[in-house]
Amino acid sequence: MADNKQTIYDELYTEIKETLLASRQQAYVAVNFTMVQAYWQIGRIIVEHENAGDFQLGRRVPEFESLAARLSVEFGKGFSVRALYQMRKFYVLFPSLNALRSQLTWTHYRLLLQVDNDEARLWYMNEAVEAGWSSRQLERQISTMYYERLLVSRDKTSVKAEAKNLLAAVTSEKFIKDPYVLEFLDLKDYPALRESNLEQALIDKLQEFLLELGRGFCFVARQKLMRYEDEDFYLDLVFYHSILKCHVLIDLKIGKLTHGDIGQMDSYIRMFDALYKNPDDNPTIGIILCSQKNEAIVKYSVLNDAKQIFASRYSLELPTAEELQHEIEAERKRIENDRNNL
């Protein structure tokens, strides 16, 4: 009887605790967004006075510096001249207060102010909310040019549409990136690097890898055994995509993509569907993650119009903005040439 009472009190405690924690989190979000709204209002006030000709912020304004000093004395840190400039920029880049997302902190918005492209900025804001990115995760995604890399992916039309409207059709292409940036592994791209080393490093830093993969990926297994008759086959990595409602197989390759890699992945997908696909799952998709892509093989193989097999390059170092821009332009030219040849 005493044990039953203790169990009841434990359950009571848990329910009350969860209620208090949820309430505390809601209060934190509400207070935080109130401050975000206040910073937006400050930016509006500054812009209105600037438009009225009270001062010109393109050059040093002693009175403005004095204003920042007075605010800092009365309200503490966070009201430096630089901070006031950020609030002004916040209002300029987000002219509608109703468009702001209450789930994001001022730190999130300060990072978004660094994004020059309007569509990219909107996409990062909405994706940060949908994926639950912390400010540090958002910073990483911006610095690795997540949005720009999506533009190099196969389904460019829906990605651009998503930047304006997140109601774009759910297709597997939308969730596959090219390239994937794995700089967090801190590996050197040297000849002795083995696929087993890469796989172990990805498992050791699974949280970072999931962030790079993007929204919806859930880890299932590594070196997944598939047995067919008297032969054993092993899948490097298996994930389940909660949005696409399907399994995702990842095969790691050091070196250039080959026809054999494509054929092997096709066999793995068929075998996995036969052995493990649930009736309500969508067809399994496979990603061949390789250090080098062979564009001829990509163009003249099932990869050209496949809906289940994708080849993506991975990079162990963070690309520069110039390198990525060059890659985007090269990809656009390839697409234009393909269209002209139709």
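H241 places a side-chain N or O within donor-acceptor distance of the main-chain N or O of R215, the cut-off being under 3.5 Å. Remark: the backbone N or O of D281 is paired with a side-chain donor or acceptor of K277 at under 3.5 angstrom. Using modelled atom types, one side-chain atom of E195 and one backbone atom of I254 make a donor-acceptor pair closer than 3.5 Å. In terms of modelled atom types and a separation under 3.5 Å, the side chain of D266 and the main chain of G263 share no donor-acceptor contact. With hydrogens and angles ignored, the 3.5 Å screen pairs a side-chain donor or acceptor of R121 with a backbone N or O of V115. A distance-only check finds no donor-acceptor pair linking the side chain of H49 to the backbone of I46 [under 3.5 Å]. Counting only distance, with no hydrogens or angles, the side chain of N117 and the backbone of E119 share a donor-acceptor pair below 3.5 Å. Side chain of S135 to backbone of T107: no donor-acceptor contact under 3.5 angstrom is found. When atom types are taken as modelled, the side chain of Q137 and the backbone of S134 share a donor-acceptor pair closer than 3.5 angstrom.
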I'd like to know whether D251 forms a side-chain contact (heavy atoms from CB on, under 4.5 Å) with Q264, so could you lay out the CA-CA distance, the side-chain angles of the two residues, the decisive distance to 0.1 Å, and finally the verdict. CA-CA 9 Å; D251 196 22; Q264 177 177 269; 2.9 Å; yes

Before giving the answer on ring pair (Phe, Tyr, Trp, His ring centres under 6.0 Å), spell out for F175 and F217 the whole-Å C-alpha distance, their side-chain angles and the decisive distance to 0.1 Å. CA-CA 9 Å; F175 294 92; F217 282 87; 7.4 Å; no

Should Y228 and L275 be marked as a side-chain contact (heavy atoms from CB on, under 4.5 Å) after you check the CA-CA gap, both sets of side-chain angles, and the distance that decides it? CA-CA 9 Å; Y228 181 74; L275 296 174; 5.7 Å; no

Stepwise side-chain contact (heavy atoms from CB on, under 4.5 Å) test for R88 and R44: CA-CA 7 Å; R88 174 191 178 277; R44 178 186 60 78; over 6 Å; no

Between L113 and Q86, does the side-chain contact (heavy atoms from CB on, under 4.5 Å) criterion hold? Intermediate values first, please. CA-CA 8 Å; L113 297 182; Q86 285 182 322; 4.2 Å; yes

Test Y146 against W133 for ring pair (Phe, Tyr, Trp, His ring centres under 6.0 Å), laying out the working first. CA-CA 13 Å; Y146 186 115; W133 289 343; 5.7 Å; yes

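Ring geometry for W106 versus F90: interplanar angle over 60°, hence perpendicular rather than tilted (30 to 60°). Using cut-offs of 30° and 60° for the angle between ring planes, the W123 and Y147 rings count as tilted.
In summary, E208 and R140 do not engage in a salt bridge, as defined by a charged side-chain N under 4.0 Å from a carboxylate O. Look at R270 and D273 and you find no salt bridge, because none of the NZ, NE, NH1 or NH2 atoms lies under 4.0 Å from a carboxylate O. Taking a cutoff of 4.0 Å between a charged side-chain nitrogen and a carboxylate oxygen, R70 and E65 do not qualify as a salt bridge. R194 has no carboxylate O lying under 4.0 Å from a charged side-chain N of E199, or vice versa, which leaves the two without a salt bridge.
Residue N51 qualifies as enclosed at atom CG: its count of foreign heavy atoms under 6.0 Å is above 12. Residue D116 qualifies as open at atom CG: its count of foreign heavy atoms under 6.0 Å is 12 or below.
Within the 4.5 Å cutoff, side-chain heavy atoms of L210 are placed close to those of F239. Looking at heavy atoms from C-beta onward, L182 lies in side-chain contact with F184 at the 4.5 angstrom threshold. No side-chain heavy atom of L202 sits less than 4.5 Å from a side-chain heavy atom of R222. Between I176 and I285 there is a side-chain heavy-atom pair separated by less than 4.5 Å. Residues K224 and Y234 have side chains not in contact (no heavy-atom distance under 4.5 Å, counting atoms from C-beta outward). L112 places a side-chain heavy atom less than 4.5 Å from the side chain of L138. Side-chain contact between I262 and I288 is present, with heavy atoms from C-beta onward closer than 4.5 Å. Inter-residue side-chain proximity for I203 and L237 is flagged as met; some heavy-atom pair is nearer than 4.5 Å.
Rounding to the nearest 0.5 Å gives a distance of 9.5 Å between CG of L289 and CG of D236. If you take SG on C218 and OH on Y240, they are separated by 9.0 Å, rounding to the nearest 0.5 Å. Atom-to-atom distance recorded for N282:CG and I243:CD1 is 12.5 Å, nearest 0.5 angstrom. Between atom CG of residue L185 and atom CD of residue E212 there is a gap of 9.5 Å, rounded to the nearest 0.5 Å. Distance check: F209 CZ to F219 CZ gives 10.0 Å after rounding to the nearest 0.5 Å. Taken to the nearest 0.5 Å, the CD atom of Q114 stands 6.5 Å off from the CD1 atom of I142.
In plain terms, the two heavy atoms of C246 and P283 that are nearest each other are CB-O, 3.4 Å. Closest of all the heavy-atom pairs between L252 and I250 is CD2-CG2, 3.9 Å. Contact detail for M265 and I287: the closest heavy-atom pair is CE-O, 3.6 Å. Taking every heavy atom of both residues into account, K253 and Y314 meet most closely at O-CE2, 3.5 Å. Pairing each heavy atom of L104 with each of V36, the nearest pair is O-CG2, 4.1 Å. Here the closest heavy-atom approach between residue T284 and residue L249 is recorded as CG2-CG, 3.6 Å.
Follow the hydrophobic side-chain contacts under 4.5 Å out from F75 and you reach W40 in the same cluster.
Judged as a ring-ring contact (aromatic ring centres under 6.0 Å, His included), the pairs with a partner in residues 263-291 (not counting sequence neighbours) are, in order, H247-F272, F272-Y276.
In this model, no donor atom of one side chain and acceptor atom of the other lie less than 3.5 Å apart for N126 and E130.
Think of I45 as one node in a network of Ile, Leu, Val, Met, Phe, Trp and Tyr side chains linked at under 4.5 Å; it has no links at all.
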